[in-house]
Each structure stands twice: as C-alpha cells, then as structure tokens.
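Here is the naming used below: chain letters follow the sequence lines, and residue numbers restart at 1 for every chain.
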Amino acid sequence: EDQVTQSPEALRLQEGESSSLNCSYTVSGLRGLFWYRQDPGKGPEFLFTLYSAGEEKEKERLKATLTKKESFLHITAPKPEDSATYLCAVCWGKLQFGAGTQVVVTP
Amino acid sequence: DSGVTQTPKHLITATGQRVTLRCSPRSGDLSVYWYQQSLDQGLQFLIQYYNGEERAKGNILERFSAQQFPDLHSELNLSSLELGDSALYFCASEATSGGRTYNEQFFGPGTRLTVL
C-alpha cells in the first residue's frame, strides 16, 4: 500500500493565487521528510528538509510545514516560474518518494 | 548546477543490449543513490551505495547491477535490455553532515535511455 501520498495530482493557479500542496504519510518513526522541485526532463532540485513535527522552513514564495501525519508546501503569490512538479520524500528506515503534484501557474 | 554529473545524457540502444551509466557525486559526498523515472511511474529507488559498499536495495531488477569505485564515482549496468527499461535514470549524492542517517540528496541531470 502507498505510504506516501501527494495531493492534488495537478494544480492550476493564476499568478498571485496562493495555494497548498499536501504530502501525507502513514509510516511510523519518521526520520525526515524532504521536498523537491522537478522541471520536465531534469533532475529533482532539493528545496527543504523537515525532521520533526512543528518544524517550518521557508524560501522565497515557498513554505514547508510538518505535522505527525502530513506536510504542506505552501506557495504564496506564485509566479509562472514556480510551475514544476513538486515531490515529497519520506524516510523511516527506507526512503520513498510520492508521485508528485504538477503545478502550473498562468500569467 | 547540483554538482552531480552523469554521463551520457542520452543513450539509444536495442533490446537485448547492455549499457553502463556513470555518475560522479558532489565532492565530499560518500553516498550515491540510483533512481529510475518513467512516464507512468514516479521516481523509483533502485539502489544505494555508501563509500564503496551497497547499503540499500529498492526495486532493482536482477538484470541491473551497480557499483561504487574507490574514487566514489558509481556505475549502473543495465543488461538484456527490454523496451520497458526506457526511462530517465538519475543518480543522487547525499549530503554527509549533521550525523543524521538521512540527509538531503542532490540529483544529477539524468541519463535518458531509449530502448528500440
């Protein structure tokens, strides 16, 4: 069964329209949760690491938060260059990536 | 630029053939991961090496093998290739810091394999 689920699968936003992506997990003993951004045909680019519930990390228009069962990636006032697939990866003794959320930001 | 290099960028070959993909990790990183990404599948973990030794195995087929050399570069060998092996293959090197078991990974640009 899937232990890492990302939602929604796809998200279409107007420029400036803030939204949130979700990464939920059912594993126990979380050792770390990672967020990556991937552009088509390119390797994933590291964004954030979160290790414990309550932790938050921020970078430009992106903010990642972590609870005991899920993580959110908030995109504030997105720009077209934020269009990408956002992947989360969960470590609990093994490492598993979610299927990703494809974000398209239109001008 | 992540600092991870992969060669070749593109590879076109025929079914039944064997190919070798190469990866050089970031300077100072000891751990290398290999992943496969195809259109209908997400990022699938294949195998991890740490300082020359195999550390973890994921969904790696028996036809596939890897190794990490003393200079820390790694090679992924794919043999008896099938049409379904066509995919993007990424390697990633893991930051070695903080005393944690898992750290962030930095991905290379990938090798696009096309099996005809």
Would you find more than 12 non-hydrogen atoms of other residues, nucleotides or ligands less than 6.0 Å from [X] atom [atom1]?
{"X": "A:Gln102", "atom1": "CD", "result": "no"}
{"X": "A:Arg61", "atom1": "CZ", "result": "yes"}
{"X": "A:Lys57", "atom1": "NZ", "result": "yes"}

| task | Let me know if B:Leu43 has heavy atoms under 4.5 Å from chain A in its side chain, its backbone, both or neither. | result |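 When you check distances to chain A, atoms from both the backbone and side chain of B:Leu43 fall under 4.5 Å.
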| field | chain A contact via B:Gln37 - side chain, backbone, both or neither, heavy atoms under 4.5 Å | value |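 Side chain only.
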| query | Quick one: salt bridge (charged side-chain N to carboxylate O under 4.0 Å, His left out) partners of A:Lys69, sequence neighbours excluded? | reply |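 Per chain and number, A:Lys69 pairs via salt bridge (charged side-chain N to carboxylate O under 4.0 Å, His left out) with no residue.
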| message | Do A:Tyr36 and A:Val104 sit in one hydrophobic cluster, given that two such residues count as connected whenever their side-chain heavy atoms are within less than 4.5 Å of each other, even indirectly? | response |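 No, because A:Tyr36 and A:Val104 fall into different hydrophobic clusters, even though each may have its own neighbours under 4.5 Å.
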Contacts table for residues 5-16 of chain B: side-chain donor-acceptor under 3.5 angstrom, sequence neighbours left out:
unit_1, atom_1, unit_2, atom_2, d
B:Gln6, OE1, B:Cys91, N, 3.1
B:Gln6, OE1, B:Gly110, N, 2.9
B:Gln6, NE2, B:Tyr89, O, 3.0

Can you measure from [atom1] ([X]) to [atom2] ([Y]) and round to the nearest 0.5 angstrom?
{"X": "B:Gln105", "Y": "A:Leu95", "atom1": "CD", "atom2": "CG", "result": "5.5 Å"}
{"X": "B:Glu104", "Y": "A:Phe46", "atom1": "CD", "atom2": "CZ", "result": "4.0 Å"}
{"X": "B:Phe107", "Y": "A:Gln38", "atom1": "CZ", "atom2": "CD", "result": "8.0 Å"}

| field | Portion of A:Glu45 that has a non-hydrogen atom of chain B nearer than 4.5 angstrom | value |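 A:Glu45 has no heavy atom closer than 4.5 Å to chain B.
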| query | Under 6.0 Å between the ring centres of A:Phe97 and B:Tyr35? | reply |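 Yes, the ring centres sit under 6.0 Å apart.
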| task | For B:Phe90 and A:Gly43, work out which heavy atoms get closest and say how close. | result |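 Closest approach of B:Phe90 to A:Gly43: CE2-CA, 3.2 Å.
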